[in-house]
Protein chains: 2
Amino acid sequence: MENYINQLRNYHLKATPQRIAITEALAMYGHLSIEQLYEVLKQKFNSLSLATIYKNINIMMENAFVSEVKLPEQKSVYELTKASHAHLQCKKCHNVWDIHLNLDDIIQNASKNSTFEIESANLVLSGLCENCRNEK
Amino acid sequence: MENYINQLRNYHLKATPQRIAITEALAMYGHLSIEQLYEVLKQKFNSLSLATIYKNINIMMENAFVSEVKLPEQKSVYELTKASHAHLQCKKCHNVWDIHLNLDDIIQNASKNSTFEIESANLVLSGLCENCRNEK
DNA sequence: TTAAATGCAAAAAATTTGCAGACGT
DNA sequence: ACGTCTGCAAATTTTTTGCATTTAA
């Protein structure tokens, strides 16, 4: 909590209660959509406005405190910015997990096959999570 | 052209002039956004409605004739469905290219590090294309 | 001939903006 | 105290829907 206040400040973001709550929610759940963030924070702030979520997520992305994860077949989710990693998306429950693959290898390999100067890689792996796989 | 008519029919899509034109545009340009498709087709059909683009792209995706490519920091583009491949996105000119990497290797490697049953991989590599790199 | 597609207008959904009052620093 | 943030309402943007007419097969 104190921790989140300082983290926000490190990214030049005023530590308002709403922003602290967004940070807490993302730290706890890992990946949330705009609508999910709204539902979670709504518990704590009953006068919360969706516009506040949008404004905050936008400025948090501009300041690289939060990152957007674009996913096939579902709405984007947002996460606290971390070291480069890939994502696992469950096609059944739609939850998202981090997976720590070496994206640099992929970038280097791809660089051999192109004239691009590749700076970053965005990888989403889709399938069934352990839970959903066992359910059927 | 005849060719596109049959391709559309293979995917259970009636070959209307608008759909043929969408197919031609995607075959020619590779990757186009909704708005770009609208602009391109508008040349040919001056009574064209944006709703027609949306309806067609949606049904073409349902029938797997067209695929959506979600990109970091820019609107989705659409392409004719092809064998599995990755994408290169230029951060300057915002154009998109296919790159034929072996995604199966990536999937197998990731599978070792997770309990997921991974079915597919979605990879977008971002950087500068040759043109934009040379311009500065 | 018939089911489906088109284009239009309207509706719905998603996102952004402006502003007055509240709040963090 | 100052500049920024919040919540609200309104505006804008994006996407979908309903319907009359047209069209592909």
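To find a chain, count down the sequence lines: A is the first, B the second, and so on, and within it residues start at 1.
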One character per nucleotide, please: for nucleotides 10-23 of chain D, 5' to 3', B when the base has a protein heavy atom closer than 4.0 Å, S when only the sugar-phosphate does, - otherwise. ----SBBBB-----
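- Taking CG of B:N56 as the start and CZ of B:R19 as the end, the distance is 4.5 Å to the nearest 0.5 Å.
- Looking only at distances, no side-chain donor or acceptor of A:H31 sits under 3.5 Å from a matching main-chain atom of A:V77.
- Taken from CG in B:L128 to CD in B:Q89, the straight-line distance is 10.5 Å, to the nearest 0.5 Å.
- In this structure, the side chain of B:Q74 engages the main chain of B:H94 through a donor-acceptor pair within 3.5 Å.
- Across the protein-nucleic acid pair, A:R9 atom CZ and D:dT4 atom P stand 16 Å apart, rounded to whole Å.
- Interatomic distance, B:L13 CG to B:E62 CD, rounded to the nearest 0.5 Å: 9.5 Å.
- Residue A:K44 contributes atom NZ, which lies 13 Å from atom P of D:dG7 at whole-angstrom precision.
- Salt-bridge formation is detected for the pair A:K44/A:E24: a Lys NZ or Arg NE/NH1/NH2 atom is positioned less than 4.0 Å from an Asp or Glu carboxylate oxygen.
- Remark: the backbone N or O of B:A83 is paired with a side-chain donor or acceptor of B:H85 at under 3.5 angstrom.
- Between A:S47 and D:dT6, a side-chain N or O to OP1/OP2 separation shorter than 4.0 Å is absent.
- A:S33 places no side-chain N or O within 3.5 Å of a backbone atom of A:S76 that could act as its donor or acceptor partner.
- The footprint of chain A on DNA chain C, defined by a heavy-atom cutoff below 4.0 Å, extends from C:dA14 to C:dT25.
- Under the salt bridge (charged side-chain N to carboxylate O under 4.0 Å, His left out) rule, B:E119 has a single partner from A:K91, A:R133, A:K92, which is A:K91.
- Comparing the axis of the opening five pairs of the helix from C:dT1-D:dA25 to C:dT25-D:dA1 with that of the closing five pairs yields an angle of 50°, rounded to 10°.
- A:N46 has no side-chain polar atom (N or O) that falls below the 4.0 Å cut-off from OP1 or OP2 of D:dG7.
- Remark: side-chain polar atoms of B:N63 are paired, donor with acceptor, to backbone N or O of B:Y11 under 3.5 angstrom.
- Atom CG of A:L48 and atom P of D:dC5 are 16 Å apart (whole Å).
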Test log, rule side-chain contact (heavy atoms from CB on, under 4.5 Å), inputs B:L123 and A:V124: CA-CA 7 Å; B:L123 175 61; A:V124 179; over 6 Å; no
